[in-house]
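For reference, the structure discussed in these notes is given below.
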Amino acid sequence: MTESYQHKAIEKRWQDQWEETSLYRSVVDWSKPKHYALTMLPYPSGDLHIGHWFAMTPSDARARWMRMRGYNVMFPMGFDAFGLPAEQAAISRNIHPWKWTYANIERMQKQMRSMGAMFDWEREAISCTPEYYKWTEWFFKVFYENGLAYRDEALVNWSEALQTVLANEQVIDGKDERLGQPVIQKLMTQWFFKITDYADELLNFDELDWPEPIKIMQTNWIGRSEGAKVSFKVASTDDDIVVFTTRPDTLWGATFMVLAPEHSLVDKITTDDQRAAINAYRDAAASATEIERLSEDREKSGVFTGAYAINPVNQKQIPIWIADYVMISYGTGAIMAVPYGDQRDFEFARHFGLEIVAVVQPDGVDEIPVPDEMDEAYAGPGTMVNSGPLDGIAHNGEKGRKSPAIASAIDYLEERGIGEETVNYRLRDWLISRQRYWGSPIPMIHRQDGTVEPVPDSDLPVELPEDVEFMPTGRSPLTYHQPFLNTVDSDGNPARRETDTMDTFMCSSWYQLRYLSPHEQEEPFSAEEAAYWLPVDVYTGGAEHAVMHLLYTRFFTKALRDTGVFDEAIKVMKREGRDPAGLFDEPMTVLRNQGQVLGGERLGDYVLCSGQFSGDKLMADRVEVVEWADVPAGFQGVTGELMKRVEGTLFVGPDNSIVEVKPDAEIIIPAIEGTNNVNQLKHHLEIQRMSKSKGNVVNPDELVDKYGADTVRAYLMFNFDWQKGGPWNENNIKGPSGWISDVWDIVVAGTPEGAGNPDVERDVERKLHQTINEIDNSLEKFSFNKAIADQMKFKNFFKAALQAGDVGPDAWAATVGVMLRLMAPFTPHVAEELWARMGWDYSVHQQPWPEYDEEKAAESEVPLVIMINGKPRGTITVAAGIAQADAEKLVLASEKVQSALNGDTPNRVIFIPGDEPKVNIVVGGKKKK
RNA sequence: GCCGAAGUGGUGGAAUGGCAGACACGACCGCCUCAAAAGCGGUUGCCCUCUGGGCGUGUGGGUUCAACUCCCACCUUCGGCACCA
């Protein structure tokens, strides 16, 4: 008996050897094509999750595959190490964020090493180290000096309970994610990045091979809309109120105006008799929680200011209201209300009895609708009416100038100087201030005269003080740490440091650049490295970052390009003969999202099982699915939720009572028609995210200990559609486990005895080359499950041939050589071990990828499929590449076709060439269907 | 409400418009064993009048010689946005 596969004996040993020999060190080499593979870096939360394995190990397999195919591959890893959890640990457990974070990083590094991934640890970057955040600060300065960073008042998420501002991502449905307490909008002075300058460029995805949904989400998030700005004069004060509208053609139907409660003109225009009511409404709006603002079906509310505006197209006086359905943050914070054409304005007008004027006659309607008889606004296409010069012009329902009515309206406004064509965006500037300690400091100084100035480069980084006290005040300790707070300005006068820190998305917007030279002291990244490696060729990670990180890092790259940060790298590129055109417009060329591994939570059918008890077990002769907990009184038997089913054995209820369903038992499932069987009983229907509170977290360390890293890797790749994810189910691990131990046995068994059968050996070679091709195609498409399945299939074939004694020593060795190289990206340890046992040179990971040979893969004989009316009816074995005429002749002569024709001639004969040729015979006057 | 994605055996999942269910898991039958586990061999979409045939990829239509795949409508689930002017 040969030695069986024991993962513990090999994995650690090879991991150490790879590290000692710097096997995965990636070094610039202009003689080789480069491939920068990147997978999203983790937050050091404490323990590696199975989700990290799911994200990283398939990405690793693909990076390895690229490397074997001759690319110089860089596959770095690091930590996104600033963030709130560290600060929370500091407050609640009195551990300094440094300590907490570094302990977690050390632990996770160790766990990551157990993956056997080809991470180049010499390129590791950790965003909370001064050597890293020095440059995060430096980039802030670059932005500031180029007008891309500014300070302004903004409405932010303020949590009364936590006494702090929260990031958008920390507010879920209007409540903070920690305590679930309401969050309100508060006006505060904050730092912003001008991402809106890049709105149009960010809408262009031409250079990107990214998933369509991500591009759509970003497009919607940016929210470009075409329309016009129109100025209305306030009758009493002569102030201008500018509104943005996508429907300037309906201006003649604007019968009132609405300002956001926060609008700056409200105070000025409000008449004395309305002031009390206005102020009360504004106060209420200011303290309204996000929940209240978001609540649906809310009656329109608002207050009249007492002031009137003049509609610039017809000089009519229209009342000015304030209402919270107008947002200060969108457009100009004011609207012209056209109740005829906008549902919100319509509801508002109805509620307060305001005038509605019909301005569009719908297509196919003879009369102009009477506003009093309308149930809802009309926003569809039609012909303009009651609209002065626009009367008779069509609105075709298109947006912007594509609608004749809108185009005419814009021209009309521009000719008279009362408005202009405008593009408005939903995207707002990126608010990067955080009132927290554990983030990169903002390198700015507040002077006594109230102005701000940047910290000189020579003083960077502004370091976070270590001797801070964390108190449960919700306030950042930086705000009361005197040594940090007190500094001097460029004139030597006492000054105060900025105490806000940066959003952690700032750190992750440029980490792909820091990997190029993580310990570089003089610049954020080495130009020599950047010229070779950039841009990232393949980026993998979760889709949840669609409109945050993935949008920010695109903005960042464009801003760095425009501020000249890449200029040095461009020079190097040119020196090396690489054309830099377009290479610095986008950070990542190809993006693929993996799905999520979910925990399985049970919510199965509720069953009533009756029969005879045999000990604790119920031998059931009747199982009925009933409405949840709808149990008849006095029921004798087992009843409860179906927790699990193993064929005829059911596990029922919270205590998993065992029910054996007899083969002839009656099964009743009201939802499924006809006679039911035990297989149709459903269990664990509801699937949820893994979380500690649900107790369904899968610990990768335990799995690795039990099965080995290679098996866990193969299982994760094999058992899911990687881009989809799915619920965790450990049972299926037997498949990949069996594959690995079979390959092990095949190799360890040693040279087969006997000469072998040349025909079978040729078959093995043919299948092997078909497999190479299949794996290449699968990996190209990120279909990791298929790539593993292809290898299992080959193993099955090879094993059978070996067992039959049909493979001789030479063919065995040659086949093993290819098979191990095919395995290497997926199961790197066992491939390395077996490669070494074959006596071949270290390392299998430095071998070239097997080259697909089409001739060797070609079949000499193929099945010719006989089809009658599109349905397969049998096959004939023919020579590959059979001519159409020959194939048709053979099929027509076949017994099946002859009996189907029954003496008639076929209506049509269709030949489908290919690896599996087919001939479809169309017979009969009518199809039965 | 708007935008997007997905619905395939008992389960995970395969299928450039061309033999649906590859590859696995589970189950069943058999071998081995005192026995169990492991291992090995076989069967496994459903149905029927079973050397054959019918039906099958969420539902209903359509295009095509041929549809899981393309088109239209609908249902369900998941994700994103949401008084966006």
Side-chain angles (χ1 to χ4, degrees), chain A residues 4 211-217 219-221 223 225 227 243-247 250 258 293-296 298 300 323-327 329-338 341-345 347-348 424-426 543-544 546-547 595-596 598 645-648 674 677-685 687 715 718-721 723-724 726-739 774 777-778 783 785-796 803 863 865-875 906-910 912-914 916-918 920-923 927:
Chain A
S4 69
E212 213 58 36
I214 298 282
K215 295 194 274 187
I216 291 166
M217 270 195 255
T219 302
N220 292 342
W221 186 263
S225 53
V243 301
F244 171 76
T245 176
T246 55
R247 292 293 305 275
T250 63
V258 185
R293 290 179 77 101
L294 285 171
S295 70
E296 278 181 50
R298 204 168 134 232
K300 287 280 177 294
D324 65 2
Y325 83 90
V326 175
M327 306 285 131
S329 53
Y330 185 79
T332 62
I335 61 159
M336 63 173 208
V338 182
D342 182 286
Q343 186 59 25
R344 292 154 301 173
D345 298 344
E347 286 167 20
F348 193 83
N424 192 57
Y425 299 91
R426 201 186 83 101
E544 65 273 18
V547 292
Q596 240 180 6
L598 303 163
R645 177 182 63 78
V646 180
E647 291 303 306
N677 65 50
V678 73
N679 288 337
Q680 291 166 303
L681 291 166
K682 293 276 182 193
H683 59 95
H684 68 80
L685 298 176
I687 292 148
Y715 165 68
F718 178 69
N719 202 47
F720 300 87
D721 171 349
Q723 301 191 50
K724 210 164 98 191
W728 178 256
N729 180 356
E730 197 176 315
N731 294 336
N732 291 342
I733 206 163
K734 276 197 170 184
S737 168
W739 166 56
E774 291 293 317
N777 292 339
S778 299
S783 298
N785 53 354
K786 178 77 166 25
I788 304 266
D790 294 332
Q791 301 194 62
M792 290 179 173
K793 200 154 99 180
F794 175 75
K795 178 271 292 175
N796 292 344
Q803 277 172 351
V865 181
I866 302 166
M867 297 176 104
I868 296 170
N869 290 337
K871 288 188 175 155
R873 281 292 177 268
T875 58
N907 292 352
R908 231 176 129 175
V909 176
I910 294 148
I912 304 129
E916 292 171 339
K918 295 161 193 76
N920 188 14
I921 309 289
V922 185
V923 297
K927 277 194 292 162

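Chain naming here is simple, since letters A, B, ... match the order of the sequence lines and numbering starts at 1 in each.
Remark: the separation of the P atoms in C3(B) and G53(B) is 48 Å, to the nearest Å. Here the separation of U76(B) from A24(B), taken at their P atoms, is 38 Å to the nearest Å. If you take atom P in G18(B) and the same atom in C71(B), they sit 15 Å apart, rounded to whole Å. For the P atom pair drawn from A22(B) and U16(B), the interatomic distance equals 15 Å after rounding to whole Å. The gap from the C1' atom of C29(B) to that of A20(B) amounts to 27 Å, rounded to the nearest Å. Separating the C1' atom of U44(B) from that of C34(B) is a span of 32 Å, rounded to the nearest Å. Here the separation of G30(B) from G21(B), taken at their P atoms, is 28 Å to the nearest Å. Using atom C1' as the reference point in both C65(B) and C50(B), the two lie 30 Å apart (nearest Å).
To the nearest angstrom, P of A82(B) lies 11 Å from CG of N220(A). Rounded to an integer number of Å, the gap from M336(A) CE to C84(B) P is 15 Å. Residue I733(A) contributes atom CD1, which lies 12 Å from atom P of C25(B) at whole-angstrom precision. In this structure, R344(A) atom CZ and C2(B) atom P are separated by 14 Å, rounded to whole Å. For the pair I912(A) CD1 and A67(B) C1', the computed distance is 13 Å after rounding to whole Å. Taking atom CG on D721(A) and atom P on G13(B), their separation rounds to 7 Å, with Å as the unit. Put simply, CD1 on I214(A) is 11 Å from C1' on G4(B), counting in whole angstrom units. Rounded to whole Å, atom P of C84(B) lies 11 Å from atom CD of Q343(A).
Heavy-atom distances to RNA chain B give each of D790(A) and R908(A) a nearest nucleotide, and the one nearer the 5′ end belongs to D790(A). Sequence order on RNA chain B of the closest nucleotides to F720(A) and P913(A) puts F720(A) first from the 5' end.
Note on R426(A): every side-chain N or O is 4.0 Å or more away from OP1 and OP2 of A85(B). Remark: K734(A) is in phosphate contact with A38(B), judged by side-chain N or O atoms under 4.0 Å from OP1 or OP2. Distances shorter than 4.0 Å separate some side-chain N or O of K871(A) from OP1 or OP2 on C55(B). In terms of phosphate contacts, N732(A) brings no side-chain nitrogen or oxygen within less than 4.0 Å of OP1 or OP2 of G26(B). Distances shown here put a side-chain N or O of N796(A) below 4.0 Å from the OP1 or OP2 atom of A24(B).
One donor-acceptor pair, N or O on each side, does fall under 3.5 Å between the base of C83(B) and the side chain of K300(A).
Aromatic rings of W728(A) and Y715(A) (six-membered ring for Trp) have centroids within the 6.0 Å cut-off, being under it.
Comparing A24(B), A85(B), G41(B) by their closest approach to the side chain of M792(A) singles out A24(B). Distances from the side chain of N719(A) to the nucleotides G12(B), A85(B), A14(B) place G12(B) closest. With G13(B), G80(B), C19(B) as the choices, the nucleotide that has an atom nearest any side-chain atom of M217(A) turns out to be G80(B). Picking from A24(B), A14(B), C19(B) the nucleotide with the shortest atom distance to the side chain of P863(A) gives C19(B). Nearest to the side chain of Y330(A), among C23(B), C84(B), G18(B), sits C84(B). The side chain of M327(A) lies closest to A85(B), out of A22(B), C19(B), A85(B). Counting only heavy atoms from C-beta on, K724(A) has its side chain closest to G13(B) among G13(B), C23(B), C19(B).
Its glycosidic angle being more than 90° from 0, G13(B) falls on the anti side.
By the 4.5 Å heavy-atom criterion applied to side chains, V922(A) and N869(A) are counted as neighbours. Between I335(A) and D342(A) the shortest side-chain heavy-atom distance does not fall below 4.5 Å. Two residues are said to be in side-chain contact when any heavy atoms from C-beta on lie closer than 4.5 Å; V338(A) and R247(A) fail this criterion. Here the side chains of N777(A) and K786(A) are not in contact, with every heavy-atom distance at 4.5 Å or above. No side-chain heavy atom of P736(A) sits less than 4.5 Å from a side-chain heavy atom of I788(A).
Pairing of C70(B), defined by two Watson-Crick or G-U wobble distances under 3.5 Å, is identified with G62(B). When both distances must be under 3.5 Å, the Watson-Crick or G-U wobble mate of G79(B) is C3(B). Pair check for C84(B) finds none; no Watson-Crick or G-U wobble contact set falls under 3.5 Å. Look at U43(B): its Watson-Crick or wobble partner, with both distances under 3.5 angstrom, is A27(B). Look at G21(B): it lacks any Watson-Crick or wobble partner with both distances under 3.5 angstrom. For C32(B), there is no paired nucleotide, since no Watson-Crick or G-U wobble pair has both relevant distances below 3.5 Å. Across all strands shown, U49(B) has no partner, as no Watson-Crick or G-U wobble contact with both distances under 3.5 Å is found.
Between R344(A) and E347(A), none of the side-chain N atoms (NZ, or NE/NH1/NH2) sits under 4.0 Å from a carboxylate O, so this pair counts as no salt bridge.
Using bins of under 30°, 30° to 60° and over 60° for the plane-to-plane angle, the ring pair F244(A)/Y330(A) lands in the perpendicular bin.
Note that the CG atom of L598(A) and the CG atom of N729(A) stand 12.5 Å from one another [nearest 0.5 Å].
Residue-level contact check: I216(A) touches the backbone only, with heavy atoms under 4.0 Å from sugar-phosphate atoms and none from bases. Residue contacts shown for D342(A) are absent, as no nucleic acid heavy atom lies under 4.0 Å away. Across all strands shown, V922(A) has heavy atoms under 4.0 Å from sugar-phosphate atoms exclusively, and none from any base.
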